[in-house]
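A short write-up of the structure that comes next.
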Amino acid sequence: QVQLVESGGGLVQPGESLTLSCAVSGSTLGYHAIGWFRQAPGKEREEVSCINSSDGSTYYADSVKGRVSLSRDNAKKTVFLQMNSLKPEDTAAYYCAADADLYCSEIGNSWRDFTSWGQGTQVTVSS
């Protein structure tokens, strides 16, 4: 069973940047697809980005495309979500998720497709 721990959330002003980290333990990072999701109060959990272990290909939601970059450090077993030009509508709890049998779809994945989850980290964008 893989364990995931997110960090890096916080309060930022609109236009600023933030990098979230997802530390993976209990399994080899290279065996899993890693996804980032977010959930605002009263809204459904939505996928932000996803990276495939097999080929490093990535998916980005239209709402963040061009502002977000996903990368991984296999040696540190960590996946990073770099978010730039943050907007108030980016405010949410952000979660990383993993699944050993999933391939990140080019049209996105449902949160139901992932089997392992972190506890989440809060991102608040406000002036």
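All values below were derived from every heavy atom in this structure, side-chain atoms included, with hydrogens, water molecules and symmetry-related copies excluded. This one's a predicted model, so the numbers in the text were calculated from it and none came from an experiment.
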| task | Apply side-chain hydrogen bond (donor to acceptor under 3.5 Å, both in side chains) to the pair D73 and T78, showing each step before the final yes or no. | result | CA-CA 5 Å; D73 185 328; T78 302; over 6 Å; no
| side chain to side chain contact (heavy atoms under 4.5 Å, CB included) between V24 and V2: does it pass, once the steps are laid out? | CA-CA 7 Å; V24 181; V2 63; 3.3 Å; yes
| note | Looking only at heavy atoms, the pair that brings L70 and S49 closest together is CD2-OG, 3.2 Å
| request: Just grab all the ring-ring contact (aromatic ring centres under 6.0 Å, His included) pairs involving residues 53-110, residues at least two apart or on different chains. | output: none
| task | May I have all residue pairs that pass salt bridge (Lys or Arg N to Asp or Glu O under 4.0 Å) and include part of residues 57-66, sequence neighbours excluded? | result | D62-K65
| request: Go through the steps for C104 and T58 under the test side chain to side chain contact (heavy atoms under 4.5 Å, CB included), then give the verdict. | output: CA-CA 7 Å; C104 302; T58 53; over 6 Å; no
| Quick one: CD on E6 to CG on L81, what's the gap to the nearest 0.5 Å? | 11.0 Å
| said: So does K77 get a backbone contact from the side chain of N74, meaning a donor-acceptor N/O pair under 3.5 Å? | reply: no
| query | Which value, rounded to the nearest 0.5 Å, describes the distance between S63 atom OG and E89 atom CD? | reply | 9.0 Å
| request: Give the minimum heavy-atom separation between A33 and L102, together with the two atoms involved. | output: CB-O, 3.3 Å
| request: Just grab all the salt bridge (Lys or Arg N to Asp or Glu O under 4.0 Å) pairs involving residues 112-127, residues at least two apart or on different chains. | output: E44-R112
| Would a distance-only check, ignoring hydrogens and angles, find a side-chain to backbone donor-acceptor pair under 3.5 Å from R67 to S85? | yes
| message | Going by salt bridge (Lys or Arg N to Asp or Glu O under 4.0 Å), name the pairs with one or both residues in residues 45-58, residues two or more places apart or in two chains. | response | R38-E46
Please table the atom pairs, donor to acceptor, closer than 3.5 Å between any side-chain atom in residues 12-21 and protein atoms at least two apart or in another chain.
{"residue": "E16", "atom": "OE1", "partner": "Q13", "partner atom": "N", "Å": "3.0"}
{"residue": "S17", "atom": "OG", "partner": "N84", "partner atom": "OD1", "Å": "2.9"}
{"residue": "T19", "atom": "OG1", "partner": "Q82", "partner atom": "OE1", "Å": "2.4"}

| query | Of all heavy-atom pairs between C96 and L4, which one has the smallest distance, and what is that distance? | reply | O-CD1, 3.5 Å
| Does the side chain of V125 reach to within under 4.5 Å of the side chain of V123, using non-hydrogen atoms? | yes
| remark: Heavy atoms of M83 and L86 approach each other most closely as CB-CD2, 3.8 Å
| note | Here the ring-ring contact (aromatic ring centres under 6.0 Å, His included) pairs for residues 106-127, sequence neighbours left out, are F37-F114, F37-W117
| Nearest heavy atoms of T121 and G9, plus distance in Å | OG1-N, 3.1 Å
| What do the steps show when you test I51 against W36 for side chain to side chain contact (heavy atoms under 4.5 Å, CB included), and what is the final call? | CA-CA 9 Å; I51 185 167; W36 279 96; over 6 Å; no
